[in-house]
2 protein chains.
Amino acid sequence: MKRDWTKKTTRGAQRTLDAFTAAMLNALTGKPFEQITVNELCEKSNYPRATFYNYFDDKYDLLHYIWHCLNRQIRLEQYEETEPEQRLFVLFDRAYDFIEAHQGTLNRIIKHNAKESFLLFHFRVQLGDRVREMFDPNICRYRDQVPHEIIADHYCNTVLLVLEWRFLHGNDGSKEDTLRYLEHLLGALNAKSLHEF
Amino acid sequence: MKRDWTKKTTRGAQRTLDAFTAAMLNALTGKPFEQITVNELCEKSNYPRATFYNYFDDKYDLLHYIWHCLNRQIRLEQYEETEPEQRLFVLFDRAYDFIEAHQGTLNRIIKHNAKESFLLFHFRVQLGDRVREMFDPNICRYRDQVPHEIIADHYCNTVLLVLEWRFLHGNDGSKEDTLRYLEHLLGALNAKSLHEF
DNA sequence: TAAATATTTGGACACTTGTCAAGATCTCAA
DNA sequence: TTGAGATCTTGACAAGTGTCCAAATATTTA
């Protein structure tokens with residue numbers, strides 16, 4: 001991470017970042033991530049190597065940046081208005097729609113990267129950070145039973161589990177079915193939290 | 001993976017494998033995984049680079065092998081005698097004791113590798129495969145409600161979540177406390193499965 | 001506008017990576 | 001004990017990686 005991605009970039013810098021992003025996504029539809037070289041990305045995007053290293057530490061860093069940008073597209077801001085146990089379903093809802101909207105690209109990528117399960121690992125990590133914010137200990141009520149970090153991670157894991165089952169492992173099924181699995185897995189916690197209100 | 005790790009190795013090969021394993025574990029106690037080079041491992045173990053590549057594709061592959069060996073040390077064989085929902089607690093029990101026994105080495109490693117969360121990623125994957133076997137669909141009873149792969153992964157995630165919270169995130173606490181968190185997170189599923197008997 | 005300042009570019013460098021074919025060394029049956 | 005076959009070891013090679021610096025270009029400031 002050579003620079004702060006949350007800061008605003010100049011128009012020129014954004015053009016460069018977009019070009020490398022496009023080059024990587026394009027390369028990923030044709031071969032596994034491990035086989036992609038920085039040289040190749042520079043050829044595809046018509047930028048010299050030094051420019052690449054101006055922005056990124058290495059190709060993993062670029063991947064990291066791409067996940068960051070995609071993650072930002074999942075809008076969760078309105079969660080503050082909802083009750084804690086509802087927030088999880090807001091997250092599920094937005095993430096489901098987002099992934100469904102990008103299913104074409106996703107399928108092309110995992111076709112060559114089915115075994116590189118770590119590809120999506122940092123996406124998980126980033127989403128996990130956001131989920132942890134959503135279940136701030138000051139707001140949630142499970143404190144006395146289980147540490148809130150465990151609850152937040154468990155929520156994050158479970159949402160991602162059903163989403164990965166649906167979209168990554170080639171399982172068909174409606175959004176409602178997937179939601180039902182999520183509700184079933186979290187049945188106990190939600191029943192308890194409802195009871196506490 | 002250059003060769004089948006489940007096959008028996010010759011004495012000479014085993015000596016070489018052990019040397020590289022020791023070199024990696026030793027290196028990990030001094031610096032982050034990313035900064036370790038194959039050259040360094042060869043210097044430490046007094047083997048030429050080509051020998052390393054004889055056994056492993058790269059340093060990730062060696063790490064993979066090390067997790068495989070460690071994983072084999074967690075003995076779960078007797079699970080067939082127990083009821084499905086008890087197996088999870090057998091897994092928890094064995095894994096907890098195993099990690100606790102290696103806590104010294106583990107702490108030295110994560111001291112330099114706290115941010116390299118993917119280090120343990122493949123360990124998770126491998127343990128997940130074993131957990132999935134434990135909850136074979138022919139034996140488990142949740143088929144009609146949630147696909148059994150989801151249940152198995154959810155069990156695996158949850159056990160690993162509480163173990164990581166306990167040992168990786170620097171939280172103290174008794175085995176009983178940790179077990180209580182696990183039971184709480186899985187409360188609904190177990191209540192249901194008990195009911196079905 | 002023009003000078004001052006910052007960013008981008010290209011090439012050179014030292015180093016790491018993964019492969020290969022040839023040579024050394026083990027192993028086991030005769 | 002011996003020697004054919006299998007396995008293990010090795011140095012050299014081509015390609016990739018990440019850094020550095022000075023020249024070229026862009027951006028900001030006066």
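Per chain, numbering begins at 1; letters A, B, ... match sequence-line order.
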Participant: Under a criterion of less than 4.0 angstrom to any heavy atom of chain B, what are the 5'-terminal and 3'-terminal contacting nucleotides of DNA chain C?
Facilitator: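 In short, chain B contacts DNA chain C from C:dT16 to C:dC20.
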Participant: If the threshold is 4.0 Å, N to carboxylate O, is there a salt bridge linking A:R49 and A:E43?
Facilitator: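 Between A:E43 and A:R49 there is no salt bridge, as every charged N stays at least 4.0 Å from the carboxylate O atoms.
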Participant: Send over the distance from B:R49 CZ to D:dT10 P, rounded to a whole Å.
Facilitator: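 The distance from CZ of B:R49 to P of D:dT10 comes to 14 Å, rounded to the nearest Å.
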Participant: Determine the contact category for B:T37: base if any of its heavy atoms lies under 4.0 Å from a base atom, sugar-phosphate if only primed atoms, P, OP1 or OP2 are that close, otherwise nothing.
Facilitator: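 Here B:T37 touches the backbone only, sparing every base.
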Participant: In Å, rounded to the nearest 0.5 Å, how long is the span from CD1 of A:I150 to NE2 of B:H184?
Facilitator: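 The NE2 atom of B:H184 is 11.0 Å from CD1 of A:I150, to the nearest 0.5 Å.
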Participant: Expressed as a whole number of angstroms, how long is the span from B:Q14:CD to D:dT7:C1'?
Facilitator: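 Result: 15 Å.
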Participant: Given atom CG of B:N39 and atom P of D:dG11, what is their separation to the nearest angstrom?
Facilitator: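 Nearest whole value for this atom pair: 13 Å.
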Participant: Heavy atoms under 4.0 Å, any strand shown: does B:K2 hit a base, just sugar-phosphate, or nothing?
Facilitator: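 The residue B:K2 makes sugar-phosphate contact but no base contact.
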Participant: How would you label the contact of A:R3 with the nucleic acid (heavy atoms, under 4.0 Å): base, sugar-phosphate, or nothing?
Facilitator: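 If one applies the 4.0 Å heavy-atom cut-off, A:R3 turns out to touch the sugar-phosphate alone, with no base involved.
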Participant: Check the distance between D:dT10's C1' and B:E43's CD and give it to me in whole angstrom.
Facilitator: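 Spelled out: CD on B:E43 to C1' on D:dT10 is 16 Å.
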Participant: Side chain of B:E164, backbone of B:V159: donor and acceptor closer than 3.5 Å?
Facilitator: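 Such a contact is absent between B:E164 side chain and B:V159 backbone.
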Participant: Taking 4.0 Å as the cut-off, does a side-chain nitrogen or oxygen of A:Y53 come that near to OP1 or OP2 on D:dT19?
Facilitator: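 It does not, given that no N or O in the side chain of A:Y53 lies less than 4.0 Å from OP1 or OP2 of D:dT19.
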Participant: Find which nucleotide of DNA chain C each of B:I36 and A:N54 is nearest to by heavy atoms, and output the residue with the more 5' nucleotide.
Facilitator: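 Looking at DNA chain C, the more 5' nearest nucleotide goes with A:N54.
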Participant: Step through it carefully: locate the ring centre of A:F20, locate the ring centre of A:F52, and say whether they are under 6.0 Å apart.
Facilitator: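 Yes - the distance between ring centres of A:F20 and A:F52 falls below the 6.0 Å cut-off.
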Participant: Kindly say whether the aromatic ring centers of B:F98 and B:H102 come within a distance under 6.0 Å.
Facilitator: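 B:F98 vs B:H102: aromatic centres under 6.0 Å.
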Participant: Honestly, is B:K59 close enough over B:F33, meaning NZ or CZ under 6.0 Å from the six-membered ring centre and within 45° of the axis?
Facilitator: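 The answer is yes, since B:K59 meets both limits relative to B:F33.
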Participant: Nearest-nucleotide wise, let me know which of A:T10 and B:D58 is further upstream toward the 5' end of DNA chain C.
Facilitator: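 Of the two residues, A:T10 wins.
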Participant: How about B:H154 and A:H154: are their ring centroids closer than 6.0 Å?
Facilitator: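 That pair passes the under 6.0 Å test.
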Participant: When all nucleic acid strands are considered with a 4.0 Å heavy-atom cut-off, which category describes A:T16: base, sugar-phosphate, or nothing?
Facilitator: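 Result for A:T16 = nothing.
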Participant: Rounded to the nearest angstrom, tell me the gap between atom CG in B:N46 and atom C1' in D:dC8.
Facilitator: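 It works out to 16 Å between those atoms.
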Participant: NA contact type, A:Y55, heavy-atom cut-off 4.0 Å: base, sugar-phosphate, or nothing?
Facilitator: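 Counting heavy atoms under 4.0 Å across all strands, the contact made by A:Y55 is with sugar-phosphate only.
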